[in-house]
Amino acid sequence: MSSHSEEDAFEGAVSLSARAMAARPAPYLDDLNPAQRQAVEALDGPVLMLAGAGTGKTKALTSRIVHLLAQGRARPDQVLAVTFTNKAAREMKTRIGRMLGETVEGMPWLGTFHAICVKLLRRHAELAGLKSNFTILDTDDQLRLHKQLIVAANIDEKRWPPRMLSGIIDGWKNRAWTPDKVPAAEAGAFDHKAVALYAEYQARLRELNAVDFGDLLLHMVTIFQTREDVLAQYQARFRYILVDEYQDTNVAQYLWLRLLAGKAHNICCVGDDDQSIYGWRGAEVGNILRFEKDFPGATVVRLEQNYRSTGHILAAASGVIAANKGRLGKTLWTAGEEGEKVRLIGHWDGEEEARWVGEEIEAMQGGTRGMAPMSLDDMAILVRASHQMRAFEDRFLTIGLPYRVIGGPRFYERMEIRDAMAYFRLAVSPEDDLAFERVVNTPKRGLGDKAIQTIQTTARANGVSLVEGARLCAEDGLVKGKGGAALALLVKQIGRWHGQVLDEADTHVELAEMILDESGYTSHWQNDKTPEAPGRLENLQELVKALEEFENLQGFLEHVALIMDNGSEAEGAKVSIMTLHAAKGLEFPAVFLPGWEDGLFPSQRSMDESGLKGLEEERRLAYVGITRAEELCTISFAANRRVYGQWQSALPSRFIDELPEAHVEVLTPPGLYGGGYGAAGMAAASPVLQGMAGSELHHKASRADVYNSPGWRRLQTRSQERGMSQPREARAMTINLEAVSAFSEGDRVFHQKFGYGRVTGIEGDKLEISFEKAGTKNVVGRFVVPAAQADDVPF
DNA sequence: TTGCGCCGGCTTTTT
DNA sequence: GCCGGCGCAA
């Protein structure tokens with residue numbers, strides 16, 4: 001294998017520096033706190049490093065690797081270090097390199113689970129019935145195949161959507177179940193057809209000499225399980241194993257690790273059960289909870305000293321996560337300052353929330369909030385679901401506040417990029433049927449379903465690839481007219497491009513440009529008049545630029561199949577907007593956590609589908625969110641929010657109730673509603689608070705303890721006696737009745753959002769109101785005021 | 001074959 | 001309220 005020689009070439013360099021380090025006292029050890037140091041120095045046997053947020057996990061992990069090398073316990077190529085993301089892998093490489101004072105290309109087995117499995121599987125492809133140049137399908141290709149299989153099996157794809165099948169098969173692969181290993185209890189899935197379809201899918205993949213992401217792990221696990229000799233070879237090679245983010249491993253990854261760890265059990269897993277937020281995609285928190293059982297005699301080290309956040313922020317996060325059961329348990333502490341309390345604020349609706357956050361950010365940026373001016377780069381808005389981003393984007397666009405959305409559609413997932421890549425794939429290997437299918441009619445060549453059908457049958461009948469089939473169709477006139485001519489040209493072009501790839505006469509960058517021009521793909525977007533066309537052309541240019549860093553097209557395609565990197569953009573300071581999931585591992589001086597409303601966060605769907613387990617994962621997400629903040633954390637919620645076009649009232653999140661009051665400061669909303677800041681007056685005069693109270697009351701049956709939220713408590717009872725002696729039920733009834741009895745049919749009313757209208761029906765606490773501007777709506781009674789009073793509401 | 005209009009569905013996302 | 005997928009009409 002060529003990779004062997006590469007590895008060996010670098011070994012010398014790294015070992016040298018490793019020896020140099022061993023000679024002098026290890027400076028990297030002095031940098032560590034006692035817990036970190038223990039985790040680094042416990043070299044033998046299994047180690048579980050429980051690393052809370054911001055406790056220097058990566059530092060400990062990289063120091064451990066350096067220590068292993070420095071102590072001469074292993075050569076760089078005998079250390080297996082796995083991460084989940086390429087970003088994490090890259091960071092580890094950089095940091096190790098920095099510590100060793102040179103590059104560590106000599107660590108060939110530091111990478112993501114998937115990248116390492118690709119490397120292994122290419123060496124042993126034949127054991128999985130593949131050729132070593134197999135292609136890696138992305139989710140899109142996968143879905144198309146599943147759809148084809150469903151159609152072929154005459155299954156109604158309305159009732160049994162391909163997405164569902166993909167989900168089922170992915171889930172099975174995550175659990176390392178090959179088609180024959182799917183347990184009987186699961187066989188009912190997809191109208192009892194999933195197992196058969198799964199088997200067909202695997203067969204089809206083998207025909208295509210392709211694997212999907214799940215297969216990378218699954219094939220390797222199967223090989224290790226069935227071929228002791230192969231397993232033994234790698235057990236011997238990998239003297240030390242290190243795993244990052246262990247709480248995110250799924251069953252397949254877990255089995256893979258256990259197999260490789262063998263008897264020596266020199267495995268060090270780093271993770272934080274409190275940050276397990278990927279259960280929905282197969283991660284098993286159980287893996288980390290079970291570690292000591294799986295690896296008896298394990299050293300467990302807790303990293304609890306936090307270097308990131310202030311005391312109040314840590315305490316707030318700890319208070320929330322404490323409500324989860326079955327934790328391994330950690331107590332984060334900091335030697336730093338208490339800092340500012342976590343701020344909590346409620347708003348009337350989502351737009352107002354966005355407006356407030358925008359103003360707050362501008363104030364912080366200008367230093368007018370009593371703190372030193374802060375760069376926009378130091379602020380982030382973390383949301384539960386990406387659709388929440390829109391409100392902020394809209395607002396920031398209006399006020400001209402620069403922002404960046406992190407984790408949107410990734411560069412390599414964009415349509416134009418995928419199309420272009422399909423052309424490249426065809427040039428590299430004309431047998432790539434999926435690539436051919438993708439671009440055969442892009443740009444439009446007058447080749448519709450019928451033509452493609454014909455090509456497919458012809459190819460099938462002759463046992464050749466689709467490109468070959470297409471050539472036959474064009475020659476034999478099976479596809480006629482304009483389409484036929486276009487098809488003949490395309491086939492000819494593919495042949496020529498492939499020839500040019502082979503004889504390497506042109507650089508691959510030139511070739512790529514040529515392919516995009518000749519195929520008509522560039523002009524396709526040049527002629528496109530839609531507003532996004534220029535952006536797409538730009539992306540294509542960027543793609544070609546990205547090619548420059550690679551030796552050839554093949555190398556590039558290989559890289560891209562595994563690495564979905566965002567095109568990086570630097571210029572100018574910007575506020576970051578991203579989901580909580582995307583924020584994991586990041587940190588910002590100031591963090592905004594909007595949308596803390598029950599149903600949105602925690603997400604209703606998560607709770608419906610996964611019950612308590614789902615809720616606990618949501619809570620961990622809350623914990624992740626809060627612990628992203630270094631100095632200032634602001635949580636907010638809105639009483640009303642537009643969900644799928646409908647206005648809905650919402651309760652403050654139950655997680656707000658769990659914030660320890662001592663570490664939270666409740667902000668009163670700005671003077672928009674009534675100006676007076678006296679608590680009692682606020683509660684009486686402010687529609688915001690009436691709305692809050694009302695919505696809480698509305699849901700009282702499901703949520704008995706909503707009144708425990710510090711925000712609510714303070715705002716409602718600041719001037720009253722502490723303690724909630726009054727029975728909730730009774731109070732609820734009182735206010736509820738008031739609210740309902742306030743209106744009768746025919747009343748003219750005013751609503752903050754919909755304006756003036758007339759009550760046309762009453763049902764319980766809901767009013768049907770015919771609004772002058774907004775049409776007929778069902779509105780909860782407490783959100784409207786008699787029209788006459790509305791004139792008194794200050795704006 | 002393509003383009004348009006309607007209907008349904010709708011967290012989170014890495015590899 | 002928006003997007004994507006499908007079916008139908010030209």
Side-chain angles (χ1 to χ4, degrees), chain A residues 82-89 111-118 136-140 142-143 147 151 156-159 161-164 167 170 173-174 211-218 245 248-250 252-253 276-283 382-391 394 406-410 412-413 415 441-453 479 481-483 486 559-566 578-585 595 599-610 614 617-618 620-621 624-625 641-648:
Chain A
V82 243
T83 64
F84 273 85
T85 63
N86 294 296
K87 202 171 139 205
T112 64
F113 276 100
H114 296 269
I116 288 170
C117 280
V118 171
I136 302 161
L137 303 190
D138 58 34
T139 29
D140 218 66
Q142 204 180 325
L143 190 67
K147 192 175 164 181
V151 172
D156 177 8
E157 53 173 319
K158 278 275 166 56
R159 279 191 63 197
R163 290 190 157 282
M164 187 194 265
D170 273 349
K173 287 188 174 178
N174 284 339
V211 297
D212 62 20
F213 285 121
D215 280 339
L216 292 172
L217 261 299
L218 183 57
E245 306 280 15
D248 288 337
T249 50
N250 62 32
Q253 288 154 342
S276 162
I277 55 174
Y278 286 110
W280 50 274
R281 66 177 196 210
L382 314 183
V383 297
R384 174 62 183 86
S386 39
H387 64 77
Q388 290 171 261
M389 293 179 184
R390 183 176 293 147
D394 284 351
I406 295 186
R410 265 165 296 287
Y412 290 114
E413 277 168 21
M415 184 198 350
N441 201 29
T442 314
K444 304 260 183 296
R445 294 190 173 87
L447 296 160
D449 273 353
K450 191 95 176 293
I452 289 159
Q453 203 80 54
V479 176
K482 234 176 131 193
H559 167 83
V560 169
L562 285 172
I563 298 178
M564 295 287 194
D565 262 334
N566 250 330
M578 69 190 95
T579 63
L580 287 162
H581 283 92
K584 191 170 151 207
L600 182 59
F601 186 43
S603 130
Q604 193 57 50
R605 182 153 170 190
S606 190
M607 294 186 290
D608 290 347
E609 280 175 9
S610 315
E617 183 154 314
E618 296 284 308
R620 292 193 290 267
L621 211 38
V624 167
R641 195 174 288 279
R642 207 164 15 185
V643 185
Y644 304 139
Q646 294 288 111
W647 281 98
Q648 303 216 298

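Labels below follow one simple rule: chain letters A, B, ... track the order of the sequence lines, proteins then strands, and each chain is numbered from 1. Here the structure is a predicted model, which means the values were calculated and not measured.
Here Lys147(A) lies in heavy-atom contact (under 4.0 Å) with sugar-phosphate atoms only. Within the nucleic acid shown, Thr112(A) comes within 4.0 Å of sugar-phosphate atoms alone, with no base atom in reach, counting heavy atoms only. At the heavy-atom level, Arg390(A) lies under 4.0 Å from the strands shown only through sugar-phosphate atoms. Across all strands shown, Gln142(A) has no heavy atoms under 4.0 Å from either base or sugar-phosphate atoms. Using a 4.0 Å heavy-atom criterion, one finds that Tyr644(A) contacts the bases of the nucleic acid, with or without backbone contacts as well. Note on Thr579(A): only backbone sugar-phosphate atoms sit closer than 4.0 angstrom, heavy atoms only; bases stay farther off.
Taking all atoms of both residues into account, the shortest heavy-atom contact from Ile136(A) to Phe213(A) is CG2-CE2, 4.0 Å. Scanning both residues, Glu618(A) and Ser603(A), for their nearest heavy atoms gives OE1-N, 2.8 Å. Residue Asn250(A) comes nearest to Gly282(A) through the heavy atom pair CB-O, 3.1 Å, listed as atom of the first residue, atom of the second, then distance.
Ranking dT15(B), dT11(B), dC6(C) by closeness to the Phe213(A) side chain, first place goes to dT15(B). Ranking dT13(B), dT11(B), dT15(B) by closeness to the Ser606(A) side chain, first place goes to dT11(B).
A side-chain contact (heavy atoms from CB on, under 4.5 Å) with Val383(A) is found for one member of Gln388(A), His581(A), Met578(A), Arg390(A) and no other, namely Gln388(A).
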Between protein and nucleotides 2-5 of chain B, what N or O pairs are separated by less than 3.5 Å?
from: dT2(B); atom 1: OP1; to: Gly446(A); atom 2: N; distance (Å): 3.3
from: dT2(B); atom 1: OP2; to: Asn441(A); atom 2: ND2; distance (Å): 3.3

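Here Arg281(A) does not reach the OP1 or OP2 of dT13(B): none of its side-chain N or O atoms lies under 4.0 Å away.
Using a 5.5 Å limit on the distance between ring centres and a 30° limit on the angle between planes, the aromatic ring of Trp280(A) counts as stacked on the six-membered base ring of dT12(B).
Summarising the geometry, the separation between CG on Asp212(A) and P on dT15(B) is reported as 16 Å, rounded to the nearest angstrom.
Under the rule for a side-chain contact (heavy atoms from CB on, under 4.5 Å), the partners of Ser276(A) that lie at least two apart in sequence or sit in another chain are Gln247(A), Val285(A), Arg620(A).
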